[in-house]
Amino acid sequence: MSEIRLFISTTEKNADAILSLMTDAFEDEGYAIATMEIDEKRDIWEASLYLMMDEEEDMRERFANLLRPAFPEAEIQREVIPDVDWIAKSLEGLQPVHAGRFIVHGSHDRGKARAGEIAIEIDAGQAFGTGHHGTTAGCLEVIESVMRARKIRSALDLGTGSGVLAIAVRKLAAIPVLATDIDPIATKVARENVRKNGIATGLTLETAPGFHHTAFRRHGPFDLIIANILARPLMRMAPQLVAHLAPGGQVVLSGILANQRWKVIAAYNGAGLRHVRTIWRNGWVTIHLDRP
Ligand SMILES: C[S@@+](CC[C@H](N)C(=O)[O-])C[C@H]1O[C@@H](n2cnc3c(N)ncnc32)[C@H](O)[C@@H]1O
């Protein structure tokens with residue numbers, strides 16, 4: 001058995017319809033994953049279907065039959081994904097990651113930032129958030145664009161993990177940032193990373209589940225709330241999260257799979273927010289919403 005990728009270049013207009021066709025047709029088979037990868041700068045949208053199967057088997061015809069009625073021009077490409085060398089992969093995982101203007105790196109890669117890049121030093125520890133995951137990278141990109149376009153005076157990073165996103169906000173602007181995590185190990189790791197990044201003041205770390213801590217009332221309401229958790233808890237906490245958002249505030253949510261995004265957006269629309277933009281990174285989406 002090998003991993004095969006069938007993929008098709010498309011446009012923003014057709015992306016949703018193609019992804020839905022793929023998910024509906026193949027998801028019950030258990031071995032297929034449909035994802036959308038987007039290169040926004042070059043406006044390239046690529047819908048991919050990953051399948052585990054014999055290398056000789058070719059599903060292109062079945063895939064083409066599915067797409068042809070709506071997309072007769074669609075050209076399906078196929079590649080065999082080489083077996084993963086996990087040692088090489090784990091070393092690759094230690095390489096610096098570029099997301100927007102940020103470069104997230106370990107201590108061994110200090111000084112690798114190029115002119116204009118903002119360096120964040122995170123050593124892989126027991127907390128999530130080295131920048132390699134599509135959710136973290138997506139958040140970093142959206143945070144940068146939100147903070148470039150709007151005046152943000154305070155921020156909350158809920159589910160801070162390694163502290164990477166809170167550190168990113170603080171590196172963009174000298175504003176007060178509250179960063180919380182349900183996991184005390186994460187807040188300990190984050191504290192160490194905050195120190196390593198030379199942030200001595202203005203970033204408060206607390207261990208708290210959801211919004212259960214007096215710090216939220218003390219520091220809020222916030223102009224920017226970032227939460228990279230998962231779709232279900234994000235949907236559950238929509239009313240509370242919005243209650244801590246200042247008028248005109250901005251929200252960045254991640255930890256959401258492509259096919260869960262409409263439910264998350266609906267939950268936040270119901271709580272009074274407006275959808276601004278969604279970006280895809282490695283099969284995960286990051287959503288930007290605001291309070292009109
Ligand atoms: C996917 S990690 C994100 C880490 C980091 N913010 C990033 O973007 O890389 C999610 C973090 O949220 C924390 N978390 C999960 N549920 C939470 C909750 N209800 N309240 C606070 N933190 C939570 C987890 O412990 C974990 O550290």
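Order of listing sets the numbers, starting from 1, for every ligand and every atom in it. This chain uses plain numbering: 1 for the first residue, then up along the sequence.
Of the protein's non-hydrogen atoms, the one nearest atom 12 (O) of ligand 1 is Gly159 CA, 3.2 Å. In terms of protein heavy-atom proximity, atom 9 (O) of ligand 1 is closest to Thr136 OG1, 2.7 Å. Closest protein heavy atom to atom 15 (C) of ligand 1: Ile229 CG2, 3.7 Å. Counting only heavy atoms of the protein, atom 3 (C) of ligand 1 lies nearest to Asn228 O, 3.3 Å. If you check which protein heavy atom lies closest to atom 2 (S) of ligand 1, you get Phe128 CD2, 3.4 Å. Of all protein heavy atoms, the one closest to atom 5 (C) of ligand 1 is Thr160 O, 3.3 Å.
For atom 13 (C) of ligand 1, the choice among Leu158, Val189, Leu140, Asp181 with the nearest heavy atom turns out to be Asp181.
When all heavy atoms are compared, the tightest approach of Ala179 to Thr160 is CB-OG1, 3.6 Å.
Annotation for ligand 1: atoms under 4.0 Å from non-hydrogen atoms of Asp183 are 25 (O). Residue contact check: Ala208 has heavy atoms under 4.0 Å from atoms 20 (N), 21 (C) of ligand 1. Residue Gly161 approaches ligand 1 through these ligand atoms, each under 4.0 Å from one of its heavy atoms: 4 (C), 27 (O).
For the atom pair CG of Leu165 and CD1 of Ile120, the computed distance is 8.0 Å after rounding to the nearest 0.5 Å. How far CD of Glu144 is from CG of Leu172: 6.5 Å, rounded to the nearest 0.5 Å. Atom CD1 of Ile152 and atom CZ of Phe222 lie 12.5 Å apart (nearest 0.5 Å). Taken to the nearest 0.5 Å, the CD1 atom of Ile175 stands 4.0 Å off from the CE atom of Met147.
Residue-to-ligand polar distances place Ile182 within reach of ligand 1: an N/O pair is separated by less than 3.5 Å. No N or O atom of Thr180 sits closer than 3.5 Å to an N or O atom of ligand 1.
Under 4.0 angstrom from ligand 1, the non-hydrogen atoms of Leu165 all belong to its side chain.
Ligand 1 does not have Ser162 within reach: every non-hydrogen atom of the residue lies 4.0 Å or more from it. Close to ligand 1: Gly210, with a non-hydrogen atom less than 4.0 angstrom away. No heavy atom of Thr135 sits closer than 4.0 Å to any atom of ligand 1.
In this structure, His133 and Trp284 have tilted ring planes: the angle between them lies in the 30° to 60° band.
At a cut-off of 3.5 Å, with distance as the only test, a side-chain donor of Glu117 or His98 sits close to an acceptor on the other residue.
Judged purely by atom type and a 3.5 angstrom limit, Thr187 has no side-chain atom pairing as donor or acceptor with the backbone of Asp181.
Around the CZ atom of Arg153, the shell of radius 6.0 Å holds no more than 12 heavy atoms that belong to other residues, nucleotides or ligands.
A cation-pi arrangement is absent between Arg60 and Phe63 under the rule of less than 6.0 angstrom and at most 45 degrees off the ring axis.
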